[in-house]
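The structure under discussion appears below in the form of structure tokens.
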Amino acid sequence: MSEHPKPEILNARWVAHSRLFHVEEQRLRFSNGVERTYERLNPGFHGAVMVVAVNAEERLLLVREYGGGIGDYYLSFPKGALHAEESVLDAANRELMEETGFGAHELEVLSEMALSPSYMGNRITVVLARNLFEKKLPGDEPEPLEVCWYGFEELLALQASGDLQEGYAVAALFLVRERMRTDSGG
């Protein structure tokens, strides 16, 4: 973390709200005296998780779902918002069961990431899930998600071709690959 002093918040106010986002305007004064107004999107939830589930054959579990932001279907790892008072690992296992029909006996937090820290307050925690078992929970998706299994090399090819384009998912793929290399001593 930087030892640079954070700007002083002179004023903050909410300027817009939706079901998913809150837009906040902040007037800041930086340590050099410069004042600037920033707007940022803040999520309307308690955090989020992304689950990278790996089976015994080292194949990764992904889902294909509709993304309103891009207006098309996209490939990603299971993910979702934490419920109030829910731990990250409990949320990860719940989302995995809701979206894929699998749960995990082993869950490990790998990292927390921010996608666009210059104007978004959203963060997601990447969780590695192993020792999978079948268990389906009802979810909140509007339609059944397509569940897909891929090896690391296949996913790298999918990323290069543009089929795997979500930034969080691509970063999570590399985090898990490095973690598994460390586990295998390579």
Shortest non-hydrogen contact from [X] toward [Y]:
X      : Y      : value
Tyr168 : Asn122 : OH-O, 3.9 Å
Met113 : Ala172 : CE-N, 4.3 Å
Leu89  : Leu107 : O-CD1, 3.6 Å
Leu75  : Asp163 : CB-O, 3.7 Å
Leu61  : Pro78  : O-CD, 3.6 Å
Thr100 : Val147 : CA-CG2, 3.9 Å

Quick check: do [X] and [Y] have side-chain heavy atoms less than 4.5 Å from each other?
X     : Y      : value
Leu82 : Val88  : yes
His22 : Glu24  : no
Leu62 : Leu155 : yes

Neighbour count >12 (heavy atoms, 6.0 Å) for atom CD, Glu143: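 Counting other residues, nucleotides and ligands, CD of Glu143 exceeds 12 neighbours.
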Is Glu134 atom CD crowded by more than 12 heavy atoms from other residues, nucleotides or ligands, each under 6.0 Å away?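 No, because the 6.0 Å sphere around CD of Glu134 holds 12 heavy atoms or fewer from other groups.
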Are [Y] and [X] co-members of a hydrophobic cluster defined by side-chain heavy atoms under 4.5 Å apart?
X      : Y      : result
Trp149 : Val51  : yes
Phe102 : Leu137 : no
Val63  : Met97  : no

Nearest 0.5 Å, please: how far is [atom2] in [Y] from [atom1] in [X]?
X      : Y      : atom1 : atom2 : value
Glu8   : Leu10  : CD    : CG    : 5.0 Å
Ser111 : Glu178 : OG    : CD    : 13.0 Å
Leu156 : Arg177 : CG    : CZ    : 5.5 Å
Asn11  : Arg27  : CG    : CZ    : 9.5 Å
Met50  : Ile124 : CE    : CD1   : 4.5 Å
Leu173 : Glu166 : CG    : CD    : 12.0 Å

For [X] and [Y], indicate whether the former's side chain and the latter's backbone hold a donor-acceptor pair under 3.5 Å.
X      : Y      : result
Asn93  : Ala104 : yes
Lys136 : Glu98  : yes
Arg64  : Glu146 : no
Ser161 : Leu158 : yes

Parallel, tilted or perpendicular, judged at 30° and 60°: which one describes the rings of His105 and Phe133?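 Correct class here is tilted.
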Results of side chain to side chain contact (heavy atoms under 4.5 Å, CB included) for Glu108 - residues two or more places apart only: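 Partners of Glu108 under the side chain to side chain contact (heavy atoms under 4.5 Å, CB included) test: Leu110, Leu128, Arg130, Arg179.
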Applying ring pair (Phe, Tyr, Trp, His ring centres under 6.0 Å) as the test, list every pair that has at least one member in residues 67-88; sequence neighbours left out.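 Counting only pairs at least two positions apart or across chains, the ring pair (Phe, Tyr, Trp, His ring centres under 6.0 Å) contacts touching residues 67-88 are Tyr66-Tyr73.
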Kindly determine whether Val52 and Val127 satisfy side-chain contact (heavy atoms from CB on, under 4.5 Å), including the steps that lead there. CA-CA 6 Å; Val52 183; Val127 175; over 6 Å; no
